[in-house]
Amino acid sequence: MAARVLTRFVSRALPQVSGAKGAGVRATHRFYWTGSRTAATLTSGSVALVLGLPALSCLGYEAFHWVQSSAVLHAAGKEEVLEQADYLYSCADTEKLYQLLLQYKDSDEAEVLWRLARASRDLSLLPNMEAKRKKELVLEAFEYARRAMEKDDKCFAAHKWYAVCLSDVGDYEGIKVKIGNSYIIREHLERAVELNPKDATSLHILGYWCFAFAELPWYQRKVAAALFSSPPVSTYEEALEFFLKAEAVDPDFYSKNLLMLGKTYLAMKDKEKALMWLTKTQEYPAHTLEDKDVHKEAVDLLKKHG
């Protein structure tokens, strides 16, 4: 399975909130990943046994943290809370967003709870986070996501964040639990896509999940088979389908999706299409450290296979 990838997204078109004014806050770019969040890339030379998921999250904190610390928050009700939360999310003010939503941790609203799960996890990924506090935030995020799903089983974002947070929790529960959770993670990502087929990030993560298991070395498959009679399996063809669907839903939404299309075609021995997608990746504007890392990897692959 893939090495654990801790990365961060931001959507320039935030999910619409029923009844919330101004929910569609826009940033300058649809999805950003922060390279400093990456513990190990998915396709590094040595693939770890534990699956990790790219986490949909907010804009690169260090590069785009532009909300003034003196800003005053006034939350009079659900609509106002969600408006302010989405604004702070679009601005990557992680700490302020967390403090805002924490006031409503006992809410029965799924829309509030999944945002709090996301904010808790974002906070756990900030630089120099103390290990004990990081674990507390990871477990906290999972609990909020679980409650969000309980409150509204038809909320696609609740399912998506439940899957992401479950992956994180597995890091503290051992390899066997982590692998076992992989089945559940996929189920909830598929449910998220079923509920919202236009969510490119859920599709991308499903592609990542499939690619990870498709490239699992034979010796790691044997280890997984020893733990489970039927370990998770997938193919490059399946991964490609999800990456292409994500691109069709939202073209050029994310540099890593372009890169993964190129790498998947390489794995499938389709050099012509691989070079096409790697060239698109190379030409993608680099807004964050992670974009720059993606650009470098694309350049290296083009030199090797071009």
Side-chain angles (χ1 to χ4, degrees), residues 1-3 5 7 9 11-13 29-33 35 38 40-48 51-56 160 182 185-186 189-190 192-194 196-218 220-221 232-306:
M1 279 156 281
V5 182
T7 45
F9 277 117
S11 171
R12 80 179 173 197
H29 187 271
R30 193 170 297 274
F31 290 102
Y32 292 101
W33 287 48
T38 305
T41 57
L42 173 69
T43 52
S44 58
S46 174
V47 184
L51 173 69
L53 295 179
L56 309 128
K160 177 167 63 177
S182 297
I185 289 167
R186 175 158 185 167
L189 289 172
E190 288 177 338
V193 170
E194 179 185 351
N196 185 2
K198 299 299 184 181
D199 184 41
T201 56
S202 293
L203 290 164
H204 174 80
I205 296 176
L206 273 170
Y208 229 83
W209 190 101
C210 295
F211 188 95
F213 285 105
E215 75 162 4
L216 194 67
W218 67 268
Q220 292 187 358
R221 293 184 190 278
V233 294
S234 190
T235 64
Y236 291 119
E237 288 76 12
E238 190 176 18
L240 179 65
E241 181 181 357
F242 286 119
F243 291 138
L244 287 174
K245 283 183 178 179
E247 204 63 30
V249 165
D250 199 352
D252 297 330
F253 74 103
Y254 172 47
S255 64
K256 192 76 168 187
N257 199 65
L258 302 177
L259 177 66
M260 293 309 299
L261 278 164
K263 296 177 81 166
T264 304
Y265 275 119
L266 279 178
M268 296 170 63
K269 312 301 182 185
D270 190 334
K271 184 176 178 180
E272 181 179 354
K273 289 183 179 178
L275 295 180
M276 180 191 74
W277 286 106
L278 290 173
T279 299
K280 288 192 68 173
T281 308
Q282 180 186 25
E283 296 171 350
Y284 193 93
H287 295 281
T288 67
L289 291 176
E290 215 264 342
D291 281 336
K292 293 177 182 178
D293 289 340
V294 166
H295 178 271
K296 182 180 184 304
E297 187 172 359
V299 170
D300 291 343
L301 288 171
L302 284 168
K303 288 179 180 179
K304 181 178 179 180
H305 299 281

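What you are looking at is a predicted structure, and each value in this text was computed from that prediction instead of being measured.
- Residue Glu297 comes nearest to Leu259 through the heavy atom pair OE1-CD2, 3.4 Å, listed as atom of the first residue, atom of the second, then distance.
- One finds the OG1 atom of Thr281 at 8.0 Å from the CG atom of Leu302 (value rounded to the nearest 0.5 Å).
- In terms of heavy atoms, Ala200 sits closest to Asp250 at CB-CB, 3.9 Å.
- Residues passing the salt bridge (Lys or Arg N to Asp or Glu O under 4.0 Å) test with Glu194, sequence neighbours excluded: Arg191.
- Within the 3.5 Å criterion, the main-chain N or O of Leu189 finds no donor-acceptor partner in the side chain of Trp209.
- Counting only heavy atoms from C-beta outward, the side chains of Tyr284 and His295 never approach each other to under 4.5 Å.
- The SG atom of Cys210 sits 10.5 Å away from the CE atom of Met260 when rounded to the nearest 0.5 Å.
- Taken to the nearest 0.5 Å, the CZ atom of Phe253 stands 8.0 Å off from the CG atom of Leu258.
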Contacts under 3.5 angstrom, residues 232-248 side chains, donor-acceptor by atom type, not counting sequence neighbours:
residue	atom	partner	partner atom	Å
Ser234	OG	Glu238	OE1	2.6
Thr235	OG1	Glu238	N	3.1
Glu238	OE2	Arg186	NH1	3.2
Glu238	OE2	Arg186	NH2	2.3
Glu241	OE2	Lys245	NZ	3.2
Glu247	OE1	Asn257	ND2	2.8
Glu247	OE2	Asp252	N	2.4

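- Residues Gln282 and Ala298 come closest through the heavy atom pair N-CB, 4.1 Å.
- Within the structure, side-chain hydrogen bond (donor to acceptor under 3.5 Å, both in side chains) contacts touching residues 268-278 (residues at least two apart or in different chains) do not occur.
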Apply side-chain contact (heavy atoms from CB on, under 4.5 Å) to residues Met276 and Tyr265 and explain how you reach the verdict. CA-CA 10 Å; Met276 180 191 74; Tyr265 275 119; 5.9 Å; no

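- Nearest heavy atoms, Ala192 versus Ser202: CB-OG, 3.9 Å.
- Scanning for side-chain contact (heavy atoms from CB on, under 4.5 Å) contacts around Lys296 gives Asp300, with sequence neighbours left out.
- Using a 4.5 Å cut-off on side-chain heavy atoms (C-beta onward), Leu275 and Leu266 make no contact.
- A search for side-chain contact (heavy atoms from CB on, under 4.5 Å) contacts involving Lys304 returns nothing, not counting sequence neighbours.
- Lys256 NZ to Leu261 CG: the interatomic distance, rounded to the nearest 0.5 Å, is 12.5 Å.
- Between the side chain of Asp291 and the backbone N or O of His287 there is at least one donor-acceptor pair closer than 3.5 Å.
- Here the NZ-CD1 distance, from Lys160 to Ile185, works out to 15.0 Å after rounding to the nearest 0.5 Å.
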